[in-house]
> 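Can you read through this structure? Questions will come right after.
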Amino acid sequence: MDKFEIARALDEISRYLELAEPSNKFKALAYERAARALRSQDRDVHDLIASGELTKTAGIGKATGAVIEELARDGRSPYLDELRARFPPGIFELLRVPNLGLKKIAILHETLGVGSLDDLEAAARANKLTTLKGFGAKTQEKILEGIDKARHRESRFLLPIALEAAENVREQLASIDEIDDAEVSGSIRRRLEVVRNINIVIATKKRDAVIAALLRVVENAAKVDDDTVKGILNGEMDVWFHLCAPADFGSTLLRTTGSVEFVEAFGRIPKAQDEADVFTRAKLPFVPPERRETADDLRRKRAPKLVELKHLRGTFHVHTTFSDGRNTVLEMLGAANERGLQYVGLSDHSPAAHYAGGLSEERLRQQWREIDKSLPEVAPLRVFRGTEADILPDGTIDYGERVLAKFDFVIASIHSRFQMSKDEMTERILLALDDPHVTFLGHLTGRKLLSRDGYSVDFDRVFEKAGARGVMIEINGNPNRLDLDWRHVPRALSFGVRFAINPDAHSIREYGALMTGTWVARKAGLGPKEIFNTRDADEVAEFLAERKRGAAGG
DNA sequence: GCCGTTTTCGGCCCGACTGTTTTCAGTCG
C-alpha cells in the first residue's frame, strides 16, 4: 500500500473509534493526525519504516506506527478488520443525514441497533428516538427530513463521477461488433453539474443483436421500446441506451442530449449522421452541447468562442500540506509543471481557519523558504505567493493589512458563520471587496453540491462591487462546489466582472478541477478573454504587481 | 493514542449554533 491508501485506512480506523470508544475522542483524533502526518511525508513510507524513522515522525507513535507497518507490508490491518466486523457495513451511510455525526450514530447503533438509513427511518417513525439521551422531538423530526434529503441525493451524481461511469460503459460497447458508433449524450454531455442518469446513443444496422448484447453490459437491462434499452449500473445509476440507424446518429444525439426545452425550441430535427449537419440543414448556428439549456440558447445570433482547458496558462487557489492539502509544495509545483502550466499561485488557509491548519506568519515564512528551495527543481515554472484568507464575520480580511501586503495575491473566502441573514452576508462580502489587497473572491456561495446549500447573498450587489473594485470572481472547479454557479455568470458579466478558473486543489489529482471549472465557464458562455488565467505569466505578474502598487499607494 | 515535560499525567483547535438541557453536548466548517 502507498502512503495515501494507508492514510485512508487510518482515517477509517479513526471513524470506527469514534463509534467504538466515544468517550475517548482523542484516540480517534490521534489516528486522524497520524493519517495527516503520513500524507505530508515527502519520503516513501517503506523507506521510513526501513530506516526506523517512522515513529520519530510527529503524530505517529508506537500504536499507529505498528498499524502503518502492517498496512505497508500486508495491505491489511487486523485492528481495522476487527473494528469493521463490529459494525454493520453500511453504518457510515448514516453520515449523509445532515446534523447526524458519529457520536449520535454510536448511540443509535448501541441502543437501537440502527445500522442503515432504513433502520434509522423505522426507528424514527416508531417514535423511538425521543427516548434516547440527547435526542428530542425536534431532532427526530430533523432526522426524518434528513433521511429524505439523503435518499434524494442518493440517486443524483456529481458530473465527473457520472462521466467516468458513462465513458466506461461506452468503452465496453467497443467490443460489440454490431455497433458502428456510440456517444454519451444527455445531461452529462451538456456538462450539467449534477446528473441523474447516463444516456448513450448507439448507431447500428443490427438492432436486435445489439439489444441482446446490451443485456450483458448493465444490470436489469430491459427493452423500453424498439429504440430504447434501460438498465442499472453498479446497482445505483440508471443507464438509457438510444438505438438508431447510422444515418440518424447526429439527429438522435441532438434529441437525447437535450435539454427538453432546447429540443422543443429546435422544432423538427432533420436526419443526419453528423450532428453539425443537423444544425446546418435546420439553418441554425451550431450550439455547443454545454449551451443547450433554454430556448434562448438557440436564438443567439453568433456562437461565441468558448474557453477550453488548453487556454489555461496557469492557475491560482492551490493548497499544500502547510494547511489542509495532501501534497507538499514541491509535489504541487511539480505536478503543475507536468501539466504544462506556466505559473501557479499557492494559497493556503489563513489563521482563522483553525480546522484547516491556517498558517501563522511564522509558517508562512517557512512556506516561502520552501518555495524558494523548490523553484530550481520546477523551472521555468513561475510561482505566486498567495493566501486563501478568511473573510471574518465583520467583513475584514484575516491577517490584516500588514501581512496581506506581503502576498502577490489574495483570495478572500468565507469559511464560517454561514447562516447569517442575506443582508448581513451581503454587507460582509461587500466590505471584503473594498479591501484593496483582495484579488479574487473565492467560492462565492459556499455551496457543496448534494450536501449543503450555499449561503444567501444579494448577487447583484456583490457583482456590482466586484466589477467596480476589479476583484475577480473565482469559478471554483472543485466538482463538489462548482461555485460560482454558471447560471449567475451572465449577470456578473453585465457588471463588468472578470473570472478565474481555480481548482481549489488539495492534492495533485485535484488539478483535474481545472477541467470541471472550464466546463462551468463554457456552460456560462465564457470565452478565453474573460478568464484571467488564460493570460501568460508575464501579463499575470504585471497585473498582480500593478494591483499591489495600487493597494500600497491607496 | 501522542506528546511534552513543571516526565509518567493532563491536554490535545476552536467558535458558533442548535437542541437539549438547567450548564452542556454534538455537529459543522
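Because the structure is predicted, anything quoted here is derived from the model rather than measured. Reminder, nothing fancy here: chain letters follow the sequence lines and each chain counts from 1.
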> Report the relative orientation of the aromatic rings in A:H319 and A:H349; use parallel for angles under 30°, tilted for 30 to 60°, perpendicular for over 60°.
parallel
> Would you check if A:H506 and A:S323 make a side-chain contact, meaning some heavy-atom pair closer than 4.5 Å?
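No, side chains not in contact.
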> Taking the minimum atom-to-atom distance to the side chain of A:T139, which one of B:dG29, B:dG19, B:dA16 wins?
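Closest nucleotide to the A:T139 side chain: B:dG19.
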> Nearest-Å distance, CG (A:N99) to C1' (B:dG29)?
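Whole-Å distance recorded here is 13 Å.
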> Distance check: side-chain N/O of A:R417 vs OP1/OP2 of B:dC17, anything under 4.0 Å?
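For B:dC17, OP1/OP2 do have a side-chain N/O of A:R417 under 4.0 Å.
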> To the nearest angstrom, how far is A:K133 atom NZ from B:dG19 atom P?
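Taking NZ of A:K133 and P of B:dG19, I get 18 Å after rounding.
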> Please give, in whole Å, the distance from B:dG19 C1' to A:L100 CG?
14 Å
> So does A:S416 get a side-chain nitrogen or oxygen closer than 4.0 Å to the phosphate oxygens (OP1/OP2) of B:dG15?
no
> Can you find a heavy atom in the side chain of A:R498 that is under 4.5 Å from one in the side chain of A:L493?
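Yes, their side chains come closer than 4.5 Å.
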> Quick one: A:F26 CZ to B:dG4 P, roughly how many Å, whole number?
17 Å
> Now, which nucleotide makes the Watson-Crick or G-U wobble pair with B:dT8, with each of the two distances under 3.5 Å?
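Per the H-bond distance test, none.
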> Within the 4.0 Å heavy-atom criterion, would you say A:H354 contacts the bases, only the backbone, or no part of the nucleic acid?
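The answer is base, as A:H354 lies within the cut-off (heavy atoms under 4.0 Å) of a base atom.
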> Side chain of A:K62 only, heavy atoms from C-beta on: which candidate in B:dT27, B:dC12, B:dC2 is closest?
B:dC2
> Could you tell me if A:R491 sits above the aromatic ring of A:F459, with its cationic atom closer than 6.0 Å to the ring centre and no more than 45 degrees from the axis?
no
> Any side-chain heavy atom of A:M420 sitting closer than 4.5 Å to one from A:P393?
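In contact.
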> Which residues within residues 31-41 of chain A lie with some heavy atom under 4.0 Å of an atom in DNA chain B?
A:Y31, A:R33
> Would you mind telling me which of A:R487, A:R191, A:R190, A:R522 makes a salt bridge (charged side-chain N to carboxylate O under 4.0 Å, His left out) with A:E293?
A:R190
> Can you tell me if A:R452 touches the phosphate of B:dC28, counting only side-chain N or O atoms and a distance under 4.0 Å to OP1 or OP2?
no
> Give me the distance, rounded to whole Å, that separates B:dT5 from B:dG11 when you measure between the P atoms they each carry.
15 Å
> How is A:A58 classified with respect to the nucleic acid when contacts are heavy atoms under 4.0 Å: base, sugar-phosphate, or nothing?
sugar-phosphate
> Using a 4.0 Å heavy-atom cut-off across all strands, classify A:T57 as base, sugar-phosphate, or nothing.
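Touches sugar-phosphate only.
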> In whole Å, measure the gap between the C1' atoms of B:dC9 and B:dC14 for me.
24 Å
> With heavy atoms under 4.0 Å as the rule, sort A:A137 into base, sugar-phosphate or nothing.
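It contacts sugar-phosphate atoms only.
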> Look at the side-chain N and O atoms of A:K142 and state whether any lies under 4.0 Å from the OP1 or OP2 oxygen of B:dG19.
yes
> On DNA chain B, check which nucleotide each of A:A28 and A:L102 is closest to and give me the residue with the more 5' one.
A:A28
> What interatomic distance, in whole Å, is found between C1' of B:dC17 and the corresponding atom of B:dG10?
29 Å
> Using whole Å, report how far CD1 of A:I107 lies from C1' of B:dG26.
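Taking atom C1' of B:dG26 as the reference, CD1 of A:I107 is at 9 Å.
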> Quote, to the nearest angstrom, the P distance that separates B:dT7 from B:dG1.
24 Å
> Using atom CD1 of A:I13 as one end and atom C1' of B:dC2 as the other, report the distance to the nearest whole Å.
15 Å
> When you compare B:dC13 with B:dC2, how far apart are their C1' atoms, in angstrom units rounded to a whole number?
15 Å
> Starting from the 5' end of DNA chain B, give me the residue, A:Q140 or A:I60, whose nearest nucleotide shows up first.
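Counting from the 5' end, the first nearest nucleotide belongs to A:I60.
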> Check the distance between B:dG4's P and A:K56's NZ and give it to me in whole angstrom.
14 Å
> Between atom NZ in A:K25 and atom C1' in B:dG11, what is the gap in whole Å?
11 Å
> Using the ring of each side chain (for Trp, its six-membered ring), is A:F532 parallel, tilted or perpendicular to A:F316, with breaks at 30° and 60°?
parallel
> Using a 4.5 Å cut-off on heavy atoms from C-beta on, say whether the side chain of A:D348 contacts that of A:Q367.
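The answer is yes, as the side chains (C-beta and beyond) meet within the 4.5 Å cut-off.
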> What nucleotide, of B:dC2, B:dT20, B:dG26, holds the atom closest to the side chain of A:A30?
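Looking only at side-chain atoms, A:A30 lies closest to B:dC2.
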> Using side-chain heavy atoms (C-beta onward) and a distance below 4.5 Å, is A:R428 in contact with A:R417?
yes
> Could you work out the separation of B:dT27 and B:dT21 based on their P atoms and round it to a whole Å?
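These two P atoms come out 15 Å apart once rounded.
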> How would you label the contact of A:L17 with the nucleic acid (heavy atoms, under 4.0 Å): base, sugar-phosphate, or nothing?
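Answer is nothing: A:L17 stays at 4.0 Å or more from every strand.
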